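Below is one structure, written out as structure tokens; the observations come after it.
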Amino acid sequence: MRLDNMLLAEGVAGPEKGGGSAAAAAAAAASGGAGSDNSVEHSDYRAKLSQIRQIYHTELEKYEQACNEFTTHVMNLLREQSRTRPISPKEIERMVGIIHRKFSSIQMQLKQSTCEAVMILRSRFLDARRKRRNFNKQATEILNEYFYSHLSNPYPSEEAKEELAKKCGITVSQVSNWFGNKRIRYKKNIGSKQTERGAMAPQNKMQFLSPQNLGGYPSPCYQSDRRIQ
DNA sequence: AGGAATGATTGTGC
DNA sequence: GCACAATCATTCCT
């Protein structure tokens, strides 16, 4: 049931209207509108998705046909056998039931593998990591300035994040990502520097308040950021 | 070409 | 829900 829902949601198992371009059209309509380059970026994705859809439907049809053929074949056999021994309608019904269950389990496997294919396709095309672009120098400068001038507590509030996002031309979640990455990498940098000097400082807490880190902006630590000279 | 840097995602814990 | 940590995938630098 879950597989059915997912395939339906992805437009793979939707109602088949003629050539099967209904799903692609629906996807285009859904992703279209404001994002002008979105549909262009996703056209390859949609093409692959409709390919999956086509394979899925032909396979499904094949299985259905095979199931029907096999059922009539078995029915014929039973009919032949009924000449030599009595066969109750119940027995025939039971036989048909078994065949249908077998074939529906095969269909289940088909659905599962189609789901997997869609998932892989999604991760290949829709994963933002694949189209990552570095922020421009100015944006990085602004973020770094905030970070190093709030080194004692580099956790911008929601409003501050919005402000930074607006200034940098990025989204709030990108700001959050940036600060998450920055905090952890900054801490790591400090940690490796301290172990280099042989000072085994406790690493279980954030070290943003340690005196050597409060050199202001730009600090010695800031200069360790090789992007900014 | 290969490693470092970097933005994004995923899993985990609180 | 957020922060952290590990990891991925891409970009940048040498």
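All figures in this text were calculated on a predicted structure; none of them were measured in a lab.
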Problem set entry | Residue mapping more 5' on DNA chain C - nearest nucleotide basis, A:Ser176 or A:Arg133 | A:Ser176
Between [X] ([atom1]) and [N] ([atom2]), how many Å, whole number?
X	N	atom1	atom2	result
A:Phe179	C:dC4	CZ	P	12 Å
A:Phe147	B:dG7	CZ	C1'	16 Å
A:Tyr186	C:dA5	OH	C1'	19 Å
A:Asn134	B:dA8	CG	P	9 Å
A:Asn136	C:dC12	CG	C1'	15 Å

Exercise. Can you pull the salt bridge (charged side-chain N to carboxylate O under 4.0 Å, His left out) pairs that have at least one residue in residues 77-89 of chain A, sequence neighbours excluded?
Worked result: A:Arg85-A:Glu91
Problem set entry | Pairs where residues 153-177 of chain A contributes a residue and the test salt bridge (charged side-chain N to carboxylate O under 4.0 Å, His left out) is met, not counting sequence neighbours |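 Pairs touching residues 153-177 of chain A that pass the test: none.
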Exercise. Taking the side chain from A:His73 and the backbone from A:Glu69, do they hold a donor-acceptor pair closer than 3.5 Å?
Worked result: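 Side chain of A:His73 to backbone of A:Glu69: no pair is present.
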For this session: Mark yes or no for whether A:Glu61, through its side chain, and A:Thr58, through its backbone, hold a donor-acceptor pair below 3.5 Å.
Result: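 Answer holds: no.
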N/O (side chain, [X]) to phosphate O (OP1/OP2, [N]) under 4.0 Å:
X	N	value
A:Lys182	B:dT6	no
A:Tyr155	C:dC4	yes
A:Asn177	B:dA8	yes
A:Gln174	B:dG7	no

For this session: Could you walk me through whether A:Ile170 and A:Leu164 pass side chain to side chain contact (heavy atoms under 4.5 Å, CB included), step by step?
Result: CA-CA 8 Å; A:Ile170 58 178; A:Leu164 285 166; over 6 Å; no
Problem set entry | Nearest-nucleotide pick for A:Arg132, side chain only, options being C:dC4, C:dT10, B:dA8 |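 Closest of the options to the side chain of A:Arg132: C:dT10.
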Exercise. What do the steps show when you test A:Arg94 against A:Ile98 for side chain to side chain contact (heavy atoms under 4.5 Å, CB included), and what is the final call?
Worked result: CA-CA 6 Å; A:Arg94 202 172 59 85; A:Ile98 288 169; 4.0 Å; yes
Exercise. Residues in side-chain contact (heavy atoms from CB on, under 4.5 Å) with A:Lys62, at least two apart?
Worked result: A:Glu59
Contact list (N/O, under 3.5 angstrom) for nucleotides 6-8 of chain C vs protein:
{"unit_1": "C:dT7", "atom_1": "O4", "unit_2": "A:Arg185", "atom_2": "NH2", "d": "3.3"}

Exercise. For A:Phe135, which contact category applies under a 4.0 Å heavy-atom criterion: base, sugar-phosphate, or nothing?
Worked result: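 It contacts sugar-phosphate atoms only.
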Exercise. With sequence neighbours left out, which residue pairs that include part of residues 96-112 of chain A fulfil the side chain to side chain donor-acceptor pair (under 3.5 Å) condition?
Worked result: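 Matches after skipping sequence neighbours: A:Asp4-A:Lys111.
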Seminar exercise, completed: Residues of residues 157-168 of chain A with a heavy atom under 4.0 Å from any atom of DNA chain B, listed by number, are none
For this session: Measure up the A:Phe147 and A:Trp178 rings against each other and bin them: parallel (under 30°), tilted (30 to 60°), perpendicular (over 60°).
Result: perpendicular
